[in-house]
Number of protein chains: 2
Amino acid sequence: MKDLEKTLRALADATRLRIIGILLFQEACVCDMQRVLGLAQPLLSRHLAYLRSAGLIRDRRVGTRIYCSLALEGEVGRALREFLQTIMPHFGPFHEDALRMKAHVERSGWMRRGVSDSAQSENRRSGKEGDNEDQSSSVQL
Amino acid sequence: MKDLEKTLRALADATRLRIIGILLFQEACVCDMQRVLGLAQPLLSRHLAYLRSAGLIRDRRVGTRIYCSLALEGEVGRALREFLQTIMPHFGPFHEDALRMKAHVERSGWMRRGVSDSAQSENRRSGKEGDNEDQSSSVQL
DNA sequence: TACCATCATACGTATATACGAATAATAGGA
DNA sequence: TCCTATTATTCGTATATACGTATGATGGTA
């Protein structure tokens with residue numbers, strides 16, 4: 001968690017709030033977020049860079065894909081997570097974004113199981129679960 | 001509490017954070033804040049207007065003086081208060097501002113008791129206590 | 001009414017920020 | 001190596017924002 005001012009500045013933009021809203025549920029890859037949020041790729045990339053620079057997210061690369069997750073640790077991070085979990089349902093686009101992401105993930109899961117990338121799917125299911133502590137969330141739709 | 005985006009934008013400025021840091025302790029008048037924070041009067045006035053517009057503070061006039069206090073109600077407001085109480089001690093100027101305000105209030109109280117404005121002092125002590133619920137705070141120095 | 005204290009608002013300026021379009025960098029497969 | 005998918009970065013532009021300076025508005029007292 002970086003500088004407090006930088007953190008709060010990161011929250012002061014609707015696009016970045018939408019990104020955070022998605023990540024409150026679970027890790028997501030940039031390409032999924034791009035489609036679900038309907039953002040231009042460069043724009044999304046820039047906002048992610050900002051959030052990364054502020055220490056709010058971290059990422060990992062799997063092949064060509066970057067998976068992002070929230071990085072809320074320490075006292076301030078925990079307080080921020082709680083705060084976000086309380087306020088985000090009050091943020092206009094939050095629910096629709098969440099539904100779209102859920103639908104997208106289910107559709108994508110189906111495609112993966114049926115068509116392609118089974119090796120990557122195995123990779124995700126068997127070996128990466130332990131790394132995704134940031135996925136835990138108590139926000140309920 | 002107004003629009004969530006506006007609220008978060010209000011937090012994205014160091015000067016406004018300093019103002020909020022002072023008000024986390026208790027209601028304060030504009031003139032005291034101006035002196036303690038060392039801000040130009042028009043600047044302080046503008047930032048207070050922003051915070052007021054965002055629904056984060058409210059004020060009351062007593063003669064020529066405006067007293068400001070935090071207005072954190074409802075689910076989001078309560079969450080925000082908790083969040084602020086946790087994070088503000090991590091904000092650089094917070095502690096010094098608080099000490100300066102404390103010293104200022106003690107010095108001012110002395111001057112009031114000794115020299116002038118005893119009617120106003122009585123007014124503040126006897127009749128306004130019930131209105132200052134927002135003064136309660138558990139932030140400890 | 002004049003004067004002073006307190007606070008709000010207008011004007012101008014420098015800087016920050018968000019975004020679109022274009023391009024560059026990285027990874028993977030044939 | 002070439003091509004494609006994914007992502008990062010650059011460039012230019014419009015808008016927002018923070019601040020200093022000057023002025024206006026409100027309240028109180030002599």
Side-chain angles (χ1 to χ4, degrees), chain A residues 3 5-20 27-54 57-68 93 104 108 111-112 115-121 123, chain B residues 3 5-20 27-54 57-68 93 104 108 111-112 115-121 123:
Chain A
D3 181 56
E5 279 176 64
K6 198 161 174 129
T7 295
L8 294 175
R9 274 185 181 277
L11 302 178
D13 174 72
T15 303
R16 288 199 289 276
L17 278 181
R18 292 181 73 196
I19 293 167
I20 287 167
E27 184 187 60
C29 79
V30 177
C31 55
D32 282 347
M33 285 195 278
Q34 185 183 333
R35 291 190 192 105
V36 166
L37 298 175
L39 299 173
Q41 182 273 319
L43 180 58
L44 177 58
S45 197
R46 252 192 319 256
H47 279 300
L48 290 174
Y50 195 107
L51 290 169
R52 205 178 293 124
S53 167
I57 66 171
R58 69 168 68 92
D59 58 30
R60 62 189 179 100
R61 180 181 278 272
V62 182
T64 62
R65 295 180 180 217
I66 305 277
Y67 287 84
C68 300
H104 186 85
S108 298
M111 286 182 65
R112 283 208 200 97
V115 182
S116 63
D117 243 346
S118 62
Q120 180 153 338
S121 178
N123 195 10
Chain B
D3 181 59
E5 279 176 65
K6 199 162 173 132
T7 295
L8 293 175
R9 276 186 179 274
L11 302 178
D13 175 72
T15 303
R16 287 198 290 277
L17 278 179
R18 291 180 71 197
I19 293 167
I20 288 166
E27 183 187 63
C29 78
V30 177
C31 55
D32 282 346
M33 285 196 279
Q34 183 183 335
R35 291 190 192 105
V36 166
L37 298 175
L39 299 173
Q41 180 274 318
L43 180 57
L44 177 57
S45 199
R46 253 189 320 254
H47 280 301
L48 291 174
Y50 195 109
L51 290 169
R52 205 178 294 125
S53 168
I57 65 171
R58 67 168 68 90
D59 60 29
R60 61 188 180 100
R61 181 179 276 273
V62 181
T64 63
R65 294 178 181 220
I66 307 273
Y67 288 83
C68 300
H104 186 84
S108 297
M111 286 183 64
R112 285 209 199 94
V115 181
S116 64
D117 243 345
S118 62
Q120 182 154 335
S121 179
N123 193 9

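Computed from a prediction, not measured in an experiment: that's the story for all the values here. Within every chain, numbering begins at 1; the chains are lettered A, B, ... in the order of the sequence lines, protein sequences first and strands thereafter.
- Taking the side chain as every heavy atom from C-beta outward, A:Ile19 and A:Leu44 approach each other to under 4.5 Å.
- Between the CZ atom in B:Arg9 and the CG atom in B:Asp3 there is a gap of 10.0 Å [rounded to 0.5 Å].
- Atom-to-atom, CZ of A:Arg18 to P of C:dC19 comes out at 10 Å; the value is rounded to the nearest Å.
- Between the CG atom of B:Leu11 and the P atom of D:dA18 there is a distance of 12 Å, rounded to whole Å.
- Two residues are said to be in side-chain contact when any heavy atoms from C-beta on lie closer than 4.5 Å; A:Tyr67 and A:Arg65 meet this criterion.
- Remark: the A:Arg46 side chain and the D:dT10 base include a donor-acceptor N/O pair separated by less than 3.5 Å.
- For C:dA18, one of the phosphate oxygens OP1 or OP2 lies less than 4.0 angstrom from a side-chain nitrogen or oxygen of A:Arg16.
- Side-chain contact between B:Cys29 and B:Ile66 is absent, with no heavy atoms from C-beta onward closer than 4.5 Å.
- Among the nucleotides D:dT6, D:dT17, C:dC19, the one closest to any side-chain atom of B:Tyr50 is D:dT17.
- Comparing D:dT7, C:dT6, D:dA8 by their nearest atom to the side chain of A:Arg52 picks out D:dA8.
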Might you list the N or O atoms of the protein lying below 3.5 Å from N or O atoms in nucleotides 24-30 of chain C, with each pair's distance?
unit_1 : atom_1 : unit_2  : atom_2 : d
C:dA27 : O3'    : A:Gly63 : O      : 3.4

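- For the OP1/OP2 pair of C:dC19 and a distance below 4.0 Å, the side-chain nitrogens and oxygens of A:His47 include at least one atom meeting the criterion.
- Taking atom CD1 of residue A:Ile19 and atom C1' of nucleotide C:dC19, one finds them 13 Å apart after rounding to whole Å.
- Between B:Tyr67 atom OH and C:dA5 atom P the separation is 17 Å, expressed in whole Å.
- Taking atom CG of B:Leu48 as the reference point, atom P of D:dC19 lies 12 Å away to the nearest angstrom.
- Here D:dG20 presents its C1' atom at 15 Å from CG of B:Leu44, a figure rounded to the nearest Å.
- Counting heavy atoms from C-beta on, the side chains of B:Leu11 and A:Leu11 never come closer than 4.5 Å.
- Within residues 33-43 of chain B, the residues having any heavy atom closer than 4.0 Å to DNA chain C are, in order of number, B:Arg35, B:Gln41, B:Pro42.
- Distance B:Ile57 CD1 to C:dA8 C1': 13 Å, rounded to the nearest Å.
- For the atom pair B:His47 NE2 and B:Ile57 CD1, the distance stands at 11.5 Å (nearest 0.5 Å).
- A:Arg18 is not listed as a side-chain neighbour of A:Met33, based on a closest heavy-atom distance of 4.5 Å or more.
- No side-chain heavy atom of B:Ser45 sits under 4.5 Å from any side-chain heavy atom of B:Val30.
- Taking atom CZ of residue B:Arg9 and atom P of nucleotide D:dA16, one finds them 10 Å apart after rounding to whole Å.
- With contacts defined as side-chain heavy-atom distances shorter than 4.5 Å, the pair A:His104/A:Arg35 qualifies.
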